[in-house]
Amino acid sequence: MSETNSAAASEVAAPHRYTAALAAEIEARWQDFWDAEGTYEAPNPSGDMAARDEAQAALVAKPKKFIMDMFPYPSGAGLHVGHPLGYIATDVFARFQRMTGHNVLHTLGFDAFGLPAEQYAVQTGTHPRVSTEANIENMKAQLRALGLGHDKRRSFATIDPDYYKWTQWIFVQIFNSWYDADAKKARPIADLVAQFDSGERAVPGSTRVWSELNAAERAEVLSQYRLAYASDAPVNWCPGLGTVLANEEVTADGRSERGNFPVFKAKLRQWNMRITAYADRLLDDLDALDWPEAIKLQQRNWIGRSEGARVNFPVGTEGDAITVFTTRQDTLFGATYMVLAPEHELVDKVVPAAWPEGTHEVWTGGHATPAEAVAKYRAFAASKSDVERQADAKEKTGVFTGVYATNPVSGEQVPVFIADYVLMGYGTGAIMAVPAHDSRDFAFARAFHLPMRCVVEPSDGRGTDTSTWDDAFSSYEAKLINSSNAEVSLDGLGVVDAKARITGWLATRGIGEGTVNFRLRDWLFSRQRYWGEPFPIVYDEDGVAHSLPESMLPLELPEVDDYSPRTFDPDDADTSPETPLSRNEDWVNVTLDLGDGPKKYRRETNTMPNWAGSCWYELRYLDPRNDQQLVDPAVEQYWMGPREGQPTGGVDLYVGGAEHAVLHLLYARFWSKVLFDLGHVSSAEPFHKLYNQGMIQAYVYRDSRGFPVPATEVEERDGKFFFEGEPVKRELGKMGKSLKNAVTPDEICDEYGADTLRLYEMAMGPLDVSRPWDTRAVVGQYRLLQRLWRLIVDESTGEVTVEDVAEADIDEATLRALHKAIDGVRQDLDGMRFNTAIAKITELNNHLTKVGGVVPRSVAERLVLLIAPLAPHVAEELWRKLGHTDSVVHQDFPVADPAYVVDESVTCVVQIKGKVKARLEVPPSISDAELEKVALADEKVVAALDGAGIRKVIVRAPKLVNIVPA
RNA sequence: GCGGUCGUUGCUGAAUUGGUAUAAGCGCGACACUUAGGAUGUCGUGGGAGAAAUCCCAUGUGGGUUCGAGUCCCACCGGCCGCACCA
C-alpha cells in the first residue's frame with residue numbers, strides 16, 4: 001500500500017536514484033562478474049593454483065597477506081546479522097590490503113562435523129551428510145549476497161573425504177610420534193624403537209630388555225610415549241549426550257558446555273593426545289604472538305604452570321611413600337596431616353585392618369573399620385557430580401585412612417586422610433596439609449580437630465596462637481619460625497629464601513626435588529558419535545593398535561542403520577557409552593594387509609572430536625586440491641613461513657570470537673607444533689595475529705511471565721515498552737530465534753542492499769566491542785550511499801555528471817578535505833578502525849555535497865576508491881560509470897599529498913591557567929616565539945589578564961598557548 | 001574470592017605523545033519540495049544563566065600529579081568477561 005505508493009512516487013521523481021531495487025540489481029550483477037572473472041583468486045607460487053596470467057604473476061611477486069576467519073558451523077537456522085560481522089571486517093581489510101600492494105589469500109570453509117550438525121540431523125530425521133550439505137549451500141548463498149571477496153576455489157568442508165583424509169593422516173603422524181624431552185621436540189616413534197633395540201634406552205618400570213618383550217608388551221610400552229595413545233583413566237562421562245568430553249568442554253560448574261548436562265567421572269578406555277608434553281612450549285611461545293592479552297592470559301591460566309617441589313612422606317611398613325606436590329615447601333615443618341584424593345591407588349595398599357588406638361571419633365565417620373570408611377567415602381564422593389562438588393566447596397568432608405605417614409623434616413607422625421577437596425587430576429593427587437598457612441587445610445583441620453602449627457610468623461599482628469585465628473595466614477610477606485631440625489633451619493628466612501634452602505636440603509637427602517607442575521591435562525580425543533572422522537586405527541587379534549597406511553586413507557564413514565547417539569538419563573552416572581559405528585559389524589571386522597600379509601582386524605569405532613577438523617584447516621586453504629601431500633612445502637612456505645617482522649610465521653590475521661580462547665586455539669597450536677617438529681610445516685604457530693570481534697547484541701523484550709515477545713512488535717512510549725498493550729521489560733542480550741529478536745542479513749539486504757548492511761555493521765563501533773543492533777539506524781548508511789551516488793550520477797538521466805579538472809584548478813578547500821580523508825581512511829583501515837574510516841568518508845561526502853556543483857572527476861574517482869573496500873558493489877558500478885573497464889578490486893588505493901593534509905590555517909587556542917580565553921587563526925608553520933607574541937597581544941587575552949603579571953607561557957605551536965599568570 | 005576490562009550526549013560512539021571534549025551516525029526539532037511523507041534535501045541539537053555579547057557547569061564518584069587530565073596515579077561505586085577447593 002504505502003510502500004508501493006512511495007516506490008512509484010520516488011521512481012517518477014528520480015528514476016535513477018540509488019534505491020534498494022537498484023542496489024539489488026547492481027549487487028547481483030557484480031557478484032556474477034566476480035565469480036566469472038575469478039577476481040578474488042590468489043595465485044600460489046607453484047602448483048595447480050599458480051598464476052594463470054600476467055596479472056596474477058604480478059600478484060605473486062607482491063608481499064603476501066593471509067587473512068582468515070574462524071570458519072562457521074553450517075547451522076540449520078541460517079544466519080542472523082550478528083554472524084557475518086567478522087566476515088565483513090576481514091573482507092574490508094582484505095580488500096584494503098589488495099589495493100595496497102599485497103597478494104591476499106582470503107577464503108572461507110565450513111566446520112561441519114560434530115554435535116550441532118548431528119543434533120540438527122537427528123531432529124529433522126535426515127542423514128547428517130544430507131542436512132549438513134544443504135545447510136552449507138544455504139549459508140553459501142547468504143554469504144554470497146554480502147559480496148565477500150573469497151577465493152572460492154579454496155573453500156571446503158571438514159566433512160569432505162578429500163579433506164578428512166588428511167585429518168586422519170595427521171592423526172597417524174601424531175600416533176607414530178613421541179616427545180623427546182631432551183630435544184624438546186616430537187620425533188618419529190621409530191627413533192624410540194631404535195633406542196630400545198640398541199639398549200640405549202632402558203624399558204621403563206621393568207628389569208626386562210626390549211628383545212624379551214612380546215608384541216603386546218612392546219605396544220604397551222610404546223603407548224606410554226606416543227603423542228596419541230589409548231589409556232584407561234577417569235574421564236568426563238556425560239550420559240545426557242552419550243559421549244565422553246574433554247576437560248575444555250566441561251564448564252566450571254561441572255556440566256557439558258553443549259547441552260548443559262551433568263558430567264561424571266568414569267574410568268574408561270579412551271584416546272588421548274599428549275598435549276601436556278608441549279605445556280612449556282605452548283606457554284613460552286605465546287610471548288611472540290600478536291594476540292589480545294586477555295586471550296593469552298586465558299591460555300596461560302589454562303596451562304597453569306606453577307613452581308614448587310615434590311616431597312616424599314614415608315608411609316606403612318613396606319617402604320612406600322606418599323609423594324606430594326606443593327608450592328609452599330617452606331612450610332613443610334607445619335605439615336600436620338596429609339590428604340589423598342579418594343581415588344588414590346596407594347590408599348588400598350596402606351589401609352590397616354582396624355582403627356589405631358585412640359582414633360578421634362570424627363575421623364572415622366562412625367565406621368567400624370578403616371576399609372569400610374574408605375569404601376563408603378569413595379562411594380559418596382563418586383556419586384557427587386562435579387556440580388555438587390563445587391557447591392559443597394566450603395564444607396570440607398573426608399575420612400581418616402587409619403594410617404600415619406612421617407613428616408620427612410620433623411620426623412613427626414601425621415595422620416593420612418582421604419577427602420574430595422584433593423583432586424586426583426592435579427599434581428600427584430596427594431597433599432601435605434599445612435592448616436596454619438592454607439585456608440582449605442585450615443577449614444578441614446577445624447572440622448576434624450587436627451593440630452595446627454604456625455611456621456610463618458604473621459605480619460598482620462594476629463600472633464602465633466592459631467586457636468585465635470579465623471583463617472590461615474598465607475601471605476609471603478613474613479619470616480619463617482619453628483622450622484628447624486638437626487640439619488637444616490629456615491628460621492628467620494623470608495618465604496622465597498626458605499623455599500630455596502629447604503628444596504636444596506630435600507634434594508641432597510633424596511627426599512624431594514624442585515619441580516614445575518602444570519594444570520593442563522592430556523586432551524581426551526575420542527567421542528562416541530557417528531558424525532566425526534573415523535580413527536585410522538585397527539586392532540589385531542592381540543588387541544595391539546595399528547595405524548592405517550596412507551594408501552588406505554581416507555577411511556570413510558560407513559553407513560549405519562542408526563546414526564543417533566545412545567544417550568541416557570542425564571543424571572544416571574551408572575551408564576557407559578556405546579559407539580554408533582560399532583553397529584556396523586561388516587565395517588568393524590575386516591581383513592587387511594598392513595605389510596605382513598592379510599590378517600583379521602577390528603576397527604576402532606570411536607570418532608574424533610569436532611575440534612579435529614579445525615586444528616589444521618588454515619594449511620589446507622593453501623593447497624586444497626593436493627592429493628599427494630597435506631600441502632606443498634613451497635606453497636606452505638610462501639603463505640605461512642617465518643619472515644622479517646614475523647619470526648613465528650603463520651596466518652597474518654585471524655578474526656573470530658573470544659569463546660575459542662582455549663579450546664580451538666590451544667588445540668590448533670598443539671597440532672602446528674607437532675607438524676612443525678616432524679618437518680611438515682615451516683611455522684610452529686598457526687596464527688600470528690589474532691583479533692576478537694565483539695558480539696552484536698540485541699534487545700530482548702519479556703512479558704510478565706518472562707517469556708520473550710517478538711521484538712519487532714514492541715512499541716515504545718515515553719521510554720517504556722509495550723507488546724499488545726501490555727508492558728514488557730527490555731534487556732540487552734544475544735540475538736537469536738528463541739529470543740524472538742533475530743534480524744537476518746536477507747531482510748536488511750532486501751530493504752537497503754548489501755553495501756548498506758556492510759557499512760552499517762562496520763560503522764556501529766569499534767570491531768572488538770559488543771554493541772546492540774539498531775535496525776532504525778541502518779538508514780544512515782543508506783543515505784551515505786544515496787548521497788555518494790547523487791554526487792556522481794544524475795538521478796533523472798542516469799548520466800555521470802563529473803567534469804575533468806586539473807588538480808591545480810580544484811577548489812583548495814575540497815583538495816584539503818579530500819587529502820585529509822585519504823590520509824585518515826588509509827590509517828584507519830590499516831588499523832582496522834572501520835567505524836572512524838566511514839566517519840571520514842562521510843565527512844568528505846558531506847563536504848562535496850555542501851560545496852555543490854559538478855564534482856571534479858579525479859575527486860569522484862578517489863572517493864569511489866576510498867569506499868571500495870567497504871561498499872564494493874556500488875564502488876564497482878560507479879567505477880564502471882566513470883569510464884573504467886577494469887575492476888576496482890585491484891586498483892591502487894589513493895595516496896594523500898602531505899601538502900594538503902595540513903590546514904591552510906589552524907585555530908590556535910589561547911588558555912589562561914588551562915581555560916580557553918581566545919582563539920586565533922594562525923598559519924600551521926608559525927614558530928613558538930611568533931605565536932607567543934601574537935597571543936599576548938590579543939585583546940581578549942589582555943583583557944582576561946587584566947594587568948596581572950605573567951609567570952610562565954607554554955607554547956605548543958601551532959595549536960595552543962597557555963599563560964600562567966603570576 | 002582472584003584476575004582482566006570498561007564507565008563520554010536521549011542512543012551507538014569520536015578524541016596521536018596529557019593540549020579546542022562531544023567527530024560521524026541514529027533520534028529529536030524547524031524549514032523546503034510535496035496531495036501526502038515513515039522519501040529526499042537544508043539548518044539546528046550536552047546542561048544551566050542571560051535580550052545579547054558572554055559566563056558558569058559537565059567524560060561514574062572522591063582525591064592526587066601537572067601550566068593543562070576523558071587520557072597518568074590512588075581509593076571507591078557500577079557494568080561486562082575469564083578463572084575458581086589447582087595444593
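Values reported hereafter were calculated over all heavy atoms of this structure, with side chains retained and with hydrogens, waters and symmetry mates removed.
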Review point. For A/Thr327 and A/Ala777, take the nucleotide of RNA chain B holding the closest heavy atom to each; which residue's nucleotide lies nearer the 5' end?
Key: A/Ala777
Point to revise | ring-ring contact (aromatic ring centres under 6.0 Å, His included) against A/Tyr760, all qualifying residues, sequence neighbours excluded | key: A/Trp773
Only pairs under 3.5 Å count here: list side-chain donor-acceptor contacts from residues 948-966 of chain A, not counting sequence neighbours, and write none if there are none.
residue  : atom : partner  : partner atom : Å
A/Asn962 : OD1  : A/Lys913 : N            : 3.4
A/Asn962 : OD1  : A/Gly914 : N            : 3.1

Exercise for review: Please measure how far the C1' atom in B/rU9 lies from the corresponding atom in B/rG25, and state the result in whole Å.
Suggested key: 13 Å
Review point. Can you tell me if A/Asp823 uses its side chain to pair, donor with acceptor, with the backbone of A/Pro898 under 3.5 Å?
Key: no
Check your understanding: Expressed as a whole number of Å, how far does the P atom of B/rC77 sit from that of B/rG62?
Key -> 15 Å
Review point. Please, what dot-bracket string fits RNA chain B when only Watson-Crick and G-U pairs with both distances under 3.5 Å count, crossing ones use [ ] and pairs to another strand use |?
Key: (((((((..(((......[....)))((((((.......))))))((((....))))..(((((..]....))))))))))))....
Exercise for review: Hey, could you give me each pair passing salt bridge (charged side-chain N to carboxylate O under 4.0 Å, His left out) that has a residue in residues 826-836 of chain A? Not counting sequence neighbours.
Suggested key: A/Asp828-A/Arg833, A/Asp828-A/Lys840
Check your understanding: Does A/Met695 offer a backbone N or O that forms a donor-acceptor pair with the side chain of A/Lys734 under 3.5 Å?
Key -> no
Revision key, fill the gap. Picking from B/rU20, B/rU40, B/rA87, the nucleotide nearest the side-chain atoms of A/Phe325 would be B/rA87
Check your understanding: What distance, rounded to whole Å, do you find between the two P atoms, one in B/rC76 and one in B/rC83?
Key -> 25 Å
What N/O pairs connect the protein and nucleotides 14-18 of chain B at under 3.5 Å? Give each pair on its own line.
residue : atom : partner  : partner atom : Å
B/rA14  : OP1  : A/Asn835 : ND2          : 3.1

Sub-3.5 Å pairs of nitrogen or oxygen atoms, protein against nucleotides 4-11 of chain B:
none

Point to revise | Side chain of A/Arg790 - closest among B/rG41, B/rU20, B/rA84 | key: B/rG41
Exercise for review: Using atom CZ of A/Phe518 as one end and atom P of B/rA87 as the other, report the distance to the nearest whole Å.
Suggested key: 13 Å
Check your understanding: Does a side-chain N or O from A/Gln786 land closer than 4.0 Å to OP1 or OP2 of B/rU40, or not?
Key -> yes
For residues 785-792 of chain A, run the donor-acceptor check on the side chains, cut-off 3.5 Å, and write out each pair with its distance to 0.1 Å, sequence neighbours left out.
residue  : atom : partner  : partner atom : Å
A/Gln786 : NE2  : A/Tyr18  : O            : 3.0
A/Arg787 : NH1  : A/Asn846 : OD1          : 2.8
A/Trp789 : NE1  : A/His16  : O            : 2.9
A/Arg790 : NE   : A/Glu795 : OE2          : 3.0

Please list, pair by pair, any protein nitrogen or oxygen found under 3.5 Å from a nitrogen or oxygen in nucleotides 65-67 of chain B.
residue : atom : partner  : partner atom : Å
B/rC67  : O2   : A/Asn962 : ND2          : 2.2

Review point. Between B/rG41, B/rC43, B/rC85, which nucleotide has the shortest distance from any of its atoms to the side chain of A/Tyr421?
Key: B/rC85
Point to revise | B/rA15 and B/rU59, which share atom name C1', separated by this distance in whole Å | key: 11 Å
Check your understanding: Who are the ring-ring contact (aromatic ring centres under 6.0 Å, His included) partners of A/Tyr476, not counting sequence neighbours?
Key -> none
Check your understanding: A/Val909 side chain: which of B/rA87, B/rG27, B/rU20 is closest?
Key -> B/rU20
Study note, to complete from the structure: Between A/Gly427 and A/Cys908, the residue closer to the 5' end of RNA chain B by nearest nucleotide is A/Cys908
Check your understanding: If you measure from the P atom in B/rU8 to the same atom in B/rG70, how many Å do you get, rounded?
Key -> 14 Å
Considering only distance and modelled atom types, tabulate donor-acceptor pairs under 3.5 Å from the side chains of residues 330-338 of chain A, sequence neighbours left out.
residue  : atom : partner  : partner atom : Å
A/Asp330 : OD1  : A/Arg328 : NE           : 3.1
A/Asp330 : OD2  : A/Arg328 : NE           : 3.4
A/Asp330 : OD2  : A/Arg328 : NH2          : 3.1
A/Thr331 : OG1  : A/Arg328 : O            : 2.7
A/Thr336 : OG1  : A/Pro451 : O            : 2.7
A/Tyr337 : OH   : A/Tyr421 : OH           : 3.3
A/Tyr337 : OH   : A/Asp441 : O            : 3.0

Exercise for review: Could you work out the separation of B/rG47 and B/rA21 based on their C1' atoms and round it to a whole Å?
Suggested key: 14 Å
Exercise for review: Could I get the full list of ring-ring contact (aromatic ring centres under 6.0 Å, His included) partners for A/His344, not counting sequence neighbours?
Suggested key: none
Practice item. Using a cut-off of strictly less than 4.0 Å, decide whether A/Arg783 has a side-chain nitrogen or oxygen near OP1 or OP2 of B/rG25. Key: no
Practice item. Could you work out the separation of B/rC85 and B/rG78 based on their C1' atoms and round it to a whole Å? Key: 30 Å
Point to revise | Any residue of residues 839-848 of chain A with a heavy atom less than 4.0 Å from an atom of RNA chain B | key: A/Ala839, A/Thr842, A/Glu843, A/Asn846
Practice item. Please work out which of the three classes, parallel, tilted or perpendicular, describes the rings of A/Tyr377 and A/Phe380, given edges at 30° and 60°. Key: tilted
**Study point:** Salt bridge A/Glu731-A/Lys729, side-chain N to carboxylate O under 4.0 Å
**Key:** no
Practice item. With P as the reference atom in both, quote the distance from B/rG38 to B/rU45 in angstrom, rounded to an integer. Key: 24 Å
